[in-house]
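To find a chain, count down the sequence lines: A is the first, B the second, and so on, and within it residues start at 1. Computed from a predicted model, the values in this text were never measured in an experiment.
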Amino acid sequence: MTHADALRAELARAARTLGAPDDVSPILERPRDPAFGDWATTLAMTLAKPLGKKPRDIAEALIAALDRPRVGIVSAEIAGPGFINSRLDPGYQARGLLQILAAPEQWGRLDIGHQRRVCVEFVSANPTGPLHVGHGRQAALGDAISTLLEWTGWKVDREFYYNDAGAQIANLAKSTQARVRELAGHPLAIPEGGYHGAYIAEIAERYVQQHPDDRDGNDLDALRQFAVAALRHEQDLDLQAFGVKFDTYYLESSLYTDGRVEQTVEALKASGHTFEEDGALFLRTTTFGDDKDRVMKKSAAKGGDYTYFVPDVAYHVTKWERGYTRAINVQGADHHSTTTRVRAGLQALGIGIPQGYPDYVLHQMVTVMKGGEEVKISKRAGSYVTVRDLIDEVGRDAVRYFYLMRKGDSQLVFDVDLARSQSEENPVYYIQMAHARMCGIFRVGEIQAATVTGDGVDLGVLKEPAEQELVKQLLDFPAMVKGAADNLEPHRIAGWLLETARAAHTWYHKHHVLGEPEAITNARLVLARASQLGIAAGLRILGLSAPERM
RNA sequence: GCGCGCGUAGCUCAGUUGGAUAGAGCGUCGGCCUCCGGAGCCGAAGGUCGCAGGUUCGAGUCCUGCCGCGCGCACCA
């Protein structure tokens, strides 16, 4: 239980003595201006209507009813239309830091999920090329969202869905074939819609080395397997460089080989939500909110294949059957039309899957600028910037932070030159520097940081404004983690880290820890240790390193 | 045309679920190194929160209508 929880409970108790309903839930805010105090509540204003009294009168009665010493309040006053601004005893407030020192691994963790299982699917790139900057955003987002859910008590599996079946893979095989034949002296003939990137030619060269008996590239099946394996390996290396690990790789092709696609189609037919028209099989998705019905199986004239969303529905059935009561898919906004279709398919099956299943976190497009011009991302034309290009140029931590510092649903302009030139000025170094500085204090003072527990230390001496700001900022962490997890918005962590780093730098610059009177030094060592641990915790959620020196 | 997202400082973006005088980074300008790391600190300039209405004690935030940008709207994936 944090201090804010205790304060809310006390406010609610006081409110009930005035006749407020039992379920009253006071809202606490940090005032924008510290001059207003440490906490503000709008409780009196929200009670004005139900109690039929003026906000300021209610505020007065509330203050009188509060057991102030119990929650460390030293002063409370009414402001504006009915805010109650309260100030806390510095020592009382700072004692919250002891929670961080006592159990650093637990700090900021909550149990909302009760270890229920959730599947977070992200990246899921077709194995038809290396990962580009758009996949990078997904990798950073998906990984951070997964970690946030772990911190709030969910049992998370990170899953990568391989679209290793279908038309794009056929294109890949034929493109590789064209390159193999080029090596054998034939004119280059990349098929319509094929892949032109240089990496295809490299794969072709290796194919010929390992398949000397097929210099003319006649074995399309072997070409396909070879190319897919090569590109999966490439993508694995990209993810490794980015520090992202998956628990499960699910292959689309397996849905065909184990009969799940057929089973799903039969079940949908049996549900009565399908119909045939012009020789094609349709799912009546309009019943479930779609704006038109969708083809499931193409007519014989068009090849008779299933459209892509049919295996996608079968795939999501497996998520449900594998025990994930919650599923989150991180995807680019260009795929947003699929959400309606997949959900419609799952509803049509009528097997008890909840309506909003799965959740989607859609992120807007990433535009790449290089040399002052937009780089058009086209795998087929072979012009794009890969995740590994970025990592090589600005470093893993900076790339991750860059992706995560803004909300997913705003468009992201990734200016490669800027990211590179700013690498010295990048906020991530500012944050990591704050962490390193805190570590530096212990290094210089030759103090084992872990031995600082705060036992017997009077934290009431942390009275400087810069100290109190830093204390409040650190103690806000658990609430901020909860907000970020509830909304699946890791960028809130990035913002918190920046503010915390700023508060830490300011404090560090104004006040010394070592060489002060013993009582001061001891209290400030607690604050330094708590800052170091708090910043490290935030960095860890985003998948960034917390260096002890830079 | 329809659906989703976005429009906030010169640029890139936050804005704690409707709160008080709208913030940060970069850029620009001006200060600060005997001092636990200057990869830092302090300060200044810079805003019609796209436009117009509405809801209420109170709107950048919610509703409606416009304008602009992006992405979707296949028997492509």
Dot-bracket encoding of pairs in RNA chain B, which uses [ ] for pseudoknotted crossings and | for another strand, Watson-Crick or G-U under 3.5 angstrom: (((((((..((((.....[...)))).(((((.......))))).....(((((..]....))))))))))))....
Side-chain donor/acceptor of A/R524 to backbone N/O of A/H512, under 3.5 Å: yes
Syn or anti for B/rC69 (syn when the glycosidic angle lies within 90° of 0): anti
Proximity to the side chain of A/M365 - top-ranked nucleotide from B/rC36, B/rC71, B/rA77: B/rC71
Residue A/A280, side-chain atoms from C-beta onward, closest of B/rC76, B/rC41, B/rC75: B/rC75
Sugar-phosphate, base or nothing in reach of A/H363, heavy atoms under 4.0 Å: nothing
Set out, line by line, the N/O atom pairs under 3.5 Å between protein and nucleotides 6-11 of chain B.
none

No-H, no-angle donor-acceptor pair, A/H336 side chain to B/rG3 base, under 3.5 Å: yes
A/Y162 and A/Y249 aromatic ring geometry - parallel, tilted or perpendicular at 30°/60° bounds: parallel
Contact under 4.0 Å: A/R502 side-chain N or O vs B/rG25 OP1/OP2: yes
Phosphate-side-chain proximity, A/Y508 and B/rG37, N/O vs OP1/OP2 below 4.0 Å: yes
Near-strand residues of residues 290-299 of chain A, defined as heavy-atom separation under 4.0 angstrom from RNA chain B: A/K292, A/V295, A/K298, A/S299
N/O donor-acceptor pair, side chain A/D334 with base B/rA77, under 3.5 angstrom: no
Proximal nucleotide (of B/rC71, B/rA77, B/rG37) relative to the A/V444 side chain: B/rG37
Donor-acceptor pair under 3.5 Å, A/Y429 side chain vs B/rA39 base: no
Centroid-centroid under 6.0 Å between A/Y430 and A/H505 rings: yes
Pi stacking test for A/H512 and B/rC35: under 5.5 Å apart, planes under 30°: no
Nucleotide nearest A/H505 when distance is taken to its side chain, options B/rG19, B/rC42, B/rG40: B/rG40
Six-ring centre of A/F402, A/R406 cation under 6.0 angstrom, axis tolerance 45°: yes
Among B/rG40, B/rU12, B/rG37, the one nearest A/V413 by side-chain distance: B/rU12
Phosphate OP1/OP2 of B/rC41: any A/Y430 side-chain N/O under 4.0 Å: yes
Sugar-phosphate only, base, or nothing, as touched by A/L498 at under 4.0 Å among non-hydrogen atoms: sugar-phosphate
Out of B/rC71, B/rC75, B/rA39, whichever nucleotide has its closest atom nearest the side chain of A/M433: B/rA39
Distance test, side-chain N/O of A/S337 to OP1/OP2 of B/rC71, below 4.0 Å: no
Nearest-angstrom distance from the residue atom CG of A/L497 to P of B/rA39: 21 Å
side-chain N/O A/H491 vs B/rG15 OP1/OP2, d < 4.0 Å: yes
